[in-house]
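Start at 1 with the first residue, then count along the sequence.
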Amino acid sequence: MNRIYPRYFFLGLLLCLAVSCSREDSNVGEEIGDIVATLPLRFADDVAVAGDYAFVTMDSLGVAVVDIHDPRSPVVLDTLQTHHESRELFVHGHRLYVADFRGGITVFDISDPGSPTELANYPSAGDHTNDIFVTDNHIFEAGGQGSNGLLTIRDLSGSILGTYTNAEGDEIYRGFACVWVDGDRAYAGTNGGWLHIIDVSNPSVPVKLGEYYNPGITGYDVWVLDVLVSGTRAYLADWGGGFIVLDVSDPANPQELGVFKDAPDGPDFYDVALDGSVAYTANGWGCLAVIDVSDPTNMSLILSVNPRGSSYHGIALYGSYAIIADNGAKQMAIIRVK
């Protein structure tokens, strides 16, 4: 028996080495820009990643839960039913928040991501809910009320603490399409091309600090569909204005640092993810556009992936891959980007 143990030991060691090498070489043969997998998902619009799982909004069809631990073989595990039309997603801790348009905000427990359960539904404070952002203490709901945009601040139980509206003459029918919160400031973009910077240190009385507007490109409607803030810079995905970088160190006077418009098939930007000095953008019919933003005054295109018939609306990063909500091709796509 003593002579057999060493054999098993060495066999086990070789097996472990083989598995390790297999994991390290799992992306051998892939190149940056390769679409390594697609998964049919109708009306795919936004995507969020938690651990080894992707969540993809599918409008009235709910939210798909996808196992992506092997990016080349994604598997749909479940479909979460929401209360109207799932639009945007936000993951905070073990909770998934869904902007459910006329269904308000739906909250799921994803402590077991493979088997989420609904925790709550908060009716929209206005006519609809377009986007959400969650901090340790508050939920920020971007949407509209009649002809005005409405930003609603709630506590984590869903109770409304305060509201902010953009009831201005030049923004009639301009609802808030997106929101990002950094410290005591909220950044809310409208479907009229405006970015509002709001002091939310007192949630019951939010106060506008400043605003920014880009007139966009002739033939395009300006529409700030996503905003992301990192440090003193705000990154805007503007459907008709381009990919915009602002200096927001002085919130009362945000300064435009640069606008990137040289994307394939036009600058119809929908969504942005950031990793250091590289921005990964879902650029609608222009699809994936990876942009060097190290110098915002002179941004350059690093990579574009533009398959026929696709329209990329949502993007999230997962290791070396971008997980894409492809609304045009009705699918989720996984692209090697690093």
By salt bridge (charged side-chain N to carboxylate O under 4.0 Å, His left out), which residues pair with Asp70, not counting sequence neighbours? Arg72
Contacts of Asp59 that satisfy salt bridge (charged side-chain N to carboxylate O under 4.0 Å, His left out) - sequence neighbours left out: Arg87
Hey, can you tell me if His128 and Phe101 have their rings parallel, tilted or perpendicular (30° and 60° cut-offs)? tilted
With sequence neighbours left out, which residue pairs that include part of residues 133-154 fulfil the salt bridge (Lys or Arg N to Asp or Glu O under 4.0 Å) condition? Glu141-Arg154
Does any pair with a residue in residues 266-276 pass salt bridge (Lys or Arg N to Asp or Glu O under 4.0 Å), and if so which ones, sequence neighbours excluded? Asp275-Lys338
Who pairs with Phe90 by ring pair (Phe, Tyr, Trp, His ring centres under 6.0 Å), at least two apart in sequence or on another chain? Phe133
Considering residues at least two apart in sequence or located in another chain, which fulfil the side-chain hydrogen bond (donor to acceptor under 3.5 Å, both in side chains) criterion with [X]?
X      : result
Ser201 : Asp199
Thr117 : none
Asp131 : none
Gln81  : none

Qualifying residues under side chain to side chain contact (heavy atoms under 4.5 Å, CB included), relative to His138, sequence neighbours excluded: Thr135, Phe140, Ile153, Leu161, Pro203
Going by atom type alone, with no hydrogens or angles, which donor-acceptor pairs under 3.5 Å involve a side-chain atom of residues 40-55 and a protein atom two or more places apart or on another chain?
unit_1: Asp45; atom_1: OD1; unit_2: His313; atom_2: ND1; d: 2.8
unit_1: Asp46; atom_1: OD2; unit_2: Leu89; atom_2: N; d: 2.9
unit_1: Asp52; atom_1: OD1; unit_2: Tyr318; atom_2: OH; d: 2.6

For Val207, the other hydrophobic cluster members (4.5 Å side-chain criterion, sorted by chain and number) are Val205
